[in-house]
Each structure stands twice: as C-alpha cells, then as structure tokens.
There are 2 protein chains.
Amino acid sequence: MKMLYHPDRAEIHLSSVLNALSDPIRLLIASEIRKSYEPTCGTIDVPVVKSTLSHHTRTLREAGVVNVRVQGTQRFLSLRTEDLELRFPGLLSSILDAFEASDEKKELMNAH
Amino acid sequence: MKMLYHPDRAEIHLSSVLNALSDPIRLLIASEIRKSYEPTCGTIDVPVVKSTLSHHTRTLREAGVVNVRVQGTQRFLSLRTEDLELRFPGLLSSILDAFEASDEKKELMNAH
DNA sequence: TCTAAATTTCGATTACTATCGAACAATGGA
DNA sequence: TCCATTGTTCGATAGTAATCGAAATTTAGA
C-alpha cells in the first residue's frame, strides 16, 4: 500500500495551484474531474499517453488541487473543492468556468 | 517610438494568464500595480534586478495581464482589470485577494 | 550636443518541465 | 500461481524559463 502525498490545506500555495492549472492538459483534467464524479485515471479523456497523464495528476495532487483515493489498482480523482474554497475563495470556480467557456478546451479535444 | 505588443481582449488565453501569475515575483508585481495607481517599473519594489523585472513585466504584458503606457523613458503599468473581468469573471480578484492574504507575499518581501 | 535616467536587449548559466516508450509494481481474478 | 488490468517510475530528449551583469536604446534636459 503506497502512501500518496497530499499537502495539508494550510500548505497549499497559491503559486503552486496556479502553476498546476496553467498547463492546458491539466486544466482539461481538472475540468473532466469536475464534470464526472470521481473518475479514475483510465476514464479521463485527454490527448496524452498514460505515463504523461500520471505525471500531470501527480502535479495536480502535489499542488493540492486534486485528491487521489486508491482502491485496488485504480485511483479515483476528485477536486479539493472545499479546501481550495476556504483557502482561495472563488478561485477554482472562476478558473474552471473560464476554461469551459473558452476555446482552449475545444482546441485540445480536436488535437485528440 | 517602439510598439509594445498587447494582445486583444479576445486573444487573452486562460492558460497564459495563469502561467503569468504562477510566478511569485509576478504575483508581487501585479499586487503592487493594483495597490499603487499606475506605477512605473522603477517604483515597483521587487527583489530582483531591473533586467529581470523587465522580463517579468514583458511576460505579464504579453499574457494580457498588464498594460504598459510609454511616456518618455518611463513605462507606466496598469492591470487590464476590465478586459480580464469580461473574459474571466472574478479571476483576477480572487487571485490577487488570495495572494495578499497569503504568506507568500511576506516571504518575498523578507527575501529583499 | 552631451549627459543622465529609465528600461530593454543580449548572452550565458542553470534549472525545470512536458513528452514519450519501456520497464516495473500492485492488485484482482481465472 | 499465472495473467490481465491499472497505473507509476525511469531514462532520454527537447523546449522553456528565471536569473544576472553588461551593453545598448531611448528620451529628456542642461
């Protein structure tokens, strides 16, 4: 049983969160997580190979954006909505709402 | 008279804005601009040398976060508050409010 | 025209990061 | 126990970026 590092709420840093979400692929991952309830890595539809997806989910986890719940060989992903809302009010919603309204999402999906 | 590139409002991309603001120095610069009305590069208090500051203001400008107004040898900086609010509602405020409430700002000032 | 002031550009260095494929690890089921 | 599934780690590569000091640029003023 492997221990996955998740920063405590107080350890979540703004610049790390923004950095994690400044990559279009990671924005897409976060957006997919918000849409589907607790997807696994395997069900997330992103235009990269699985090792790259793994790298991105790790970045999101270590920044404090996502929580990873291990069950068997699967990892269930969820956004740390409450922690982020308490620490940076309004931030996550404004980012994901903006992303979903933007062209960036569509361009990524087309590349796939 | 040099032309400085500023993206049109519609050309401002979310990932570029987040990337620009994911650097602590640039968060500090944006925070200083919001506080003081149209500061020049020379009056902004950041713990880097002037050529590095120039690099950062360029990044912020090209991402569409700041407007640079040239007057003589000085460049007056302002946030593109209205453009950003129209394109990404609530985003800039939530970022800068979070930054100013955080420890990250204090740590940067101490390093100076 | 010369000089000082404000800022940028350039060159170099160092460090990080996105990506892939291959190998590895862990789990659950046949 | 063997195998398929799920996901991570590793090694390599290529691109990007933060930083500094020195040199260049641009403008205002003496």
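In the text below, chain A, chain B and the rest are named by the order of the sequence lines, each starting its count at 1. Scope of the values below: all heavy atoms of this structure, side chains included, with no hydrogens, waters or symmetry mates.
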(message) Nearest whole Å is fine: how far is C:dT17 P from B:Asp23 CG?
(response) 12 Å

(message) Tell me whether A:Tyr37 at atom OH has more than 12 heavy atoms from other residues, nucleotides or ligands lying less than 6.0 Å away.
(response) no

(request) Report the distance from atom CZ of A:Arg69 to atom P of D:dT6, rounded to the nearest whole Å. (result) 16 Å

(request) Write down the distance between CG (A:Leu77) and C1' (D:dG7), rounded to a whole number of angstrom. (result) 11 Å

(message) Looking at B:Asp97 and B:Arg34, is there a salt bridge between them, counting it only when a charged N and a carboxylate O are closer than 4.0 Å?
(response) yes

(message) With rounding to the nearest 0.5 angstrom, report the OG1 to CG distance, A:Thr81 to A:Leu96.
(response) 8.5 Å

(request) Without swapping roles, check the side chain of A:Arg87 against the backbone of A:Ile12 for a donor-acceptor pair under 3.5 Å. (result) yes

(request) Let me know the distance between NE2 of B:His56 and C1' of D:dA17, rounded to the nearest Å. (result) 9 Å

(request) Could you point out which residue of B:Gln74, B:Arg69, B:Arg75 forms a side-chain hydrogen bond (donor to acceptor under 3.5 Å, both in side chains) with B:Gln71? (result) B:Arg69

(request) For A:Asn19 and D:dA17, give me the distance from atom CG to atom P, rounded to whole Å. (result) 11 Å

(request) Between protein and nucleotides 6-13 of chain C, map the contacts as a letter string: B base, S sugar-phosphate only, - none, heavy atoms under 4.0 Å, written 5' to 3'. (result) SBBB----

(request) State the CZ-CG distance between A:Phe76 and A:Asn67, to the nearest 0.5 angstrom. (result) 12.5 Å

(message) In whole Å, I'd like the distance from the CG atom of B:Leu21 to the P atom of D:dA18.
(response) 12 Å

